[in-house]
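Let me begin by presenting the structure, written as structure tokens, before commenting on it.
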Amino acid sequence: MMDREERNLRRSPFVIHDRTLNEYLQGIACRLAGEHCPDVRVHVVNTPLFNANMAPNGMMQVWSGLLLRMENEAQVAAVIGHEIGHVTAKHTVAALSKQQITQIGLVGASILSPQVAKYGDVLGASAGLLFLKFGRDDELQADALGFKYSLAVGYDVRESPKVFNTLGRLSAASGARIPEWQSTHPDPGNRVQRAEQRLATVPTADLAATKVNREAYLRLLDGMVFGENPRLGYFRGGRFLHPDLRFELTFPAGWKTANMPDVVVAQSADGGAQLQLGPGKGTPTEALQQFLGQQGINVRQRGQTTINGIAAVMASFDATTEQGGLSGTAASLQHQGVTYLIVGLSATQVWAQHGPPMETAIRSFKALTDPSLLNVQPAKVQLVTLTEVMTGQTFAQRYPSSIAAEQVYIINGIEAATSLPRGMVVKRVVGGLPN
């Protein structure tokens, strides 16, 4: 039975509702999980991050940014097997025992805003329940279990080291720390070495009939959104634009921002304040009351107002939590038939600093009317079947992409000098937001 978290995820526009793709991935998970197949449910989340995770309840999220950088089914199986390994080894339960709810959320307190609490880790605040962090030993054990599960059901485990190699290349290309999948864990280079050591223990005869399933897998990616889908909202600096819902809001300058499946969140540079924009239930008055009615909130002032010609209700409040006092401003309004709740919160002692820019941000909500911003389209993967032999560099030149050549090499698992045979299917990326 689905819990509330999974029901909400299924309704999210960020989830890719592609039956063929989902059944394909579910099939991989079931083969790897064996008798535990009924307990595993796979969902594909439309986000550019190279990530996958699995909760103790068996709900697995595989992010499109990871799928688009995998070259074949065997590589995807290595990732899914790794996540199943965390659950079978009970790493998720151990991690949850270390991450109590009171440690997750806004300025050390989660009672006021479950959405911000859940996505706190995206902004560097703390870990969310669906983005559990595991230690080095847990990661290495999950790698080994994923390898074991893949080999047992006939996948070519020679593809496993390539997953970590891709992760390392992404890190090097970004010029920063490993940005996504298992980022706090063993270095990708070390994991490549360990995967190769495991391979050395497998008799060559056991690898002869294993499957890779490259072309069938790549066909599933044709036309998939690459990177952020601007139709679901995108940022230009601190300005958040949502073409489908036809609104915009400008966050305070210098704040970290993230557009997540059910909320847009921002955090001040010092971590002392956060602002969120999300859907509200019922009318604006009902949505605001539902928020203000939570335990611990004391309303200072409440009333009706107008925000750029849109009728709204707004309130200021204080709250007492186990971690200390909070102060905030909340507003709710309805636009294009959708109710929104916008909440700004900070520790009370820094409210004088953060309160005014948050109220300015809340009052920046307005209709998006610029046709050039309303009509933006996402970048998409396009498959090319080579008609002749060429190098990776020649491919990048002959079939231009809207991403850098180095990124084209990474998503195809090749180098500039790699010789690509005639008939090979290769990925490129076309379209997307103008620079």
Side-chain angles (χ1 to χ4, degrees), residues 24-25 27-34 36 40 42 49-54 60-63 65-89 91 134-172 178-218 220-221 409-415 418 427:
Y24 183 90
L25 296 175
I28 296 173
C30 276
R31 287 190 287 277
L32 294 167
H36 299 291
V40 180
V42 181
L49 299 182
F50 187 101
N51 201 11
N53 49 65
M54 187 169 177
M60 181 184 299
Q61 295 184 49
V62 181
W63 297 14
L66 183 147
L67 293 175
L68 292 169
R69 291 172 174 87
M70 295 293 94
E71 268 296 284
N72 52 58
E73 184 176 321
Q75 291 181 13
V76 175
V79 173
I80 292 178
H82 172 102
E83 296 303 326
I84 291 173
H86 275 308
V87 175
T88 56
H91 296 160
F134 302 105
R136 177 186 178 88
D137 291 342
D138 286 351
E139 283 304 319
L140 296 177
Q141 185 182 15
D143 286 350
L145 287 171
F147 184 95
K148 175 184 174 181
Y149 300 153
S150 290
L151 183 61
V153 297
Y155 283 111
D156 189 341
V157 288
R158 287 171 291 194
E159 296 295 315
S160 296
K162 297 177 184 178
V163 176
F164 304 120
N165 184 55
T166 296
L167 185 60
R169 292 180 70 182
L170 285 170
S171 176
I178 302 164
E180 289 98 20
W181 190 54
Q182 315 307 344
S183 62
T184 62
H185 314 309
D187 178 85
N190 295 333
R191 296 170 84 178
V192 169
Q193 293 176 1
R194 286 177 178 265
E196 290 174 342
Q197 290 169 1
R198 283 190 288 271
L199 270 175
T201 68
V202 180
T204 303
D206 291 353
L207 298 172
T210 53
K211 56 182 177 284
V212 173
N213 293 348
R214 181 180 187 274
E215 189 163 330
Y217 171 71
L218 292 181
L220 293 171
L221 307 182
Y409 305 149
I410 291 174
I411 67 173
N412 285 292
I414 61 175
E415 303 287 352
T418 302
K427 290 176 279 188

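Sequence positions, counted from 1, serve as the residue numbers for this chain.
- Rounded to the nearest 0.5 angstrom, Leu221 CG and Tyr217 OH are separated by 4.5 Å.
- Considering Arg191, Gln75, Arg69 in turn, Gln75 is the only one that fulfils the side chain to side chain contact (heavy atoms under 4.5 Å, CB included) rule with Val163.
- Side-chain contact check for Tyr149 and Thr88: at least one donor-acceptor pair (N or O, by modelled atom type) lies under 3.5 Å.
- The line from CD1 of Ile80 to SG of Cys30 is 10.0 Å long, rounded to the nearest 0.5 Å.
- The CD1 atom of Ile410 lies 9.5 Å from the CG atom of Asn165; values are rounded to the nearest 0.5 Å.
- Contact between Val40 and Ala29 at its shortest, heavy atoms only, is CG1-CB, 3.9 Å.
- Between Ile411 atom CD1 and Leu67 atom CG the span is 13.0 Å, to the nearest 0.5 Å.
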Determine, stepwise, if the pair Val62 / Val79 fulfils side-chain contact (heavy atoms from CB on, under 4.5 Å).
CA-CA 9 Å; Val62 181; Val79 173; 5.7 Å; no
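- For the pair Lys211 and Asp156, the salt-bridge criterion is not met [side-chain N within less than 4.0 Å of a carboxylate O].
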Verify side-chain contact (heavy atoms from CB on, under 4.5 Å) between His82 and Glu139, making sure each step is shown before the conclusion.
CA-CA 8 Å; His82 172 102; Glu139 283 304 319; 2.9 Å; yes
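- Between Leu218 and Lys427, some side-chain heavy-atom pair lies under the 4.5 Å cut-off.
- Side-chain contact check for Asn53 and Glu83: no donor-acceptor pair (N or O, by modelled atom type) lies under 3.5 Å.
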Step by step, work out the side-chain contact (heavy atoms from CB on, under 4.5 Å) result for Glu215 and Asn72.
CA-CA 7 Å; Glu215 189 163 330; Asn72 52 58; over 6 Å; no
Check residues 198-208 and write down every donor-acceptor pair under 3.5 Å in which the side-chain atom is one partner and the other belongs to a residue at least two apart or another chain.
unit_1, atom_1, unit_2, atom_2, d
Thr201, OG1, Arg198, O, 2.6

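- Under the 3.5 Å distance criterion, with hydrogens and angles disregarded, no donor-acceptor pair is assigned to the side chains of Gln141 and His86.
- Side chains of Val157 and Thr210 form no contact here, defined as non-hydrogen atoms less than 4.5 Å apart.
- Side-chain N/O atoms of Arg31 and Tyr155 include a donor and acceptor closer than 3.5 Å.
- Listed by chain and residue number, nothing satisfies the side chain to side chain donor-acceptor pair (under 3.5 Å) test with Glu196 (two or more places apart in sequence, or in another chain).
- Atoms CG and CG, on Leu32 and Leu145 in that order, are 11.5 Å from each other to the nearest 0.5 Å.
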List the steps and the verdict of salt bridge (Lys or Arg N to Asp or Glu O under 4.0 Å) for Arg214 and Glu71.
CA-CA 6 Å; Arg214 181 180 187 274; Glu71 268 296 284; 2.8 Å; yes
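- The shortest heavy-atom contact between Pro161 and Ala195 is CG-CB, 3.7 Å.
- The side chain to side chain donor-acceptor pair (under 3.5 Å) test applied to Asn213 returns Glu73, not counting sequence neighbours.
- Atom OG1 of Thr166 sits about 6.0 Å away from atom CZ of Phe50, to the nearest 0.5 Å.
- Between the side chain of Ser150 and the main chain of Gly146, a donor-acceptor pair closer than 3.5 Å is present.
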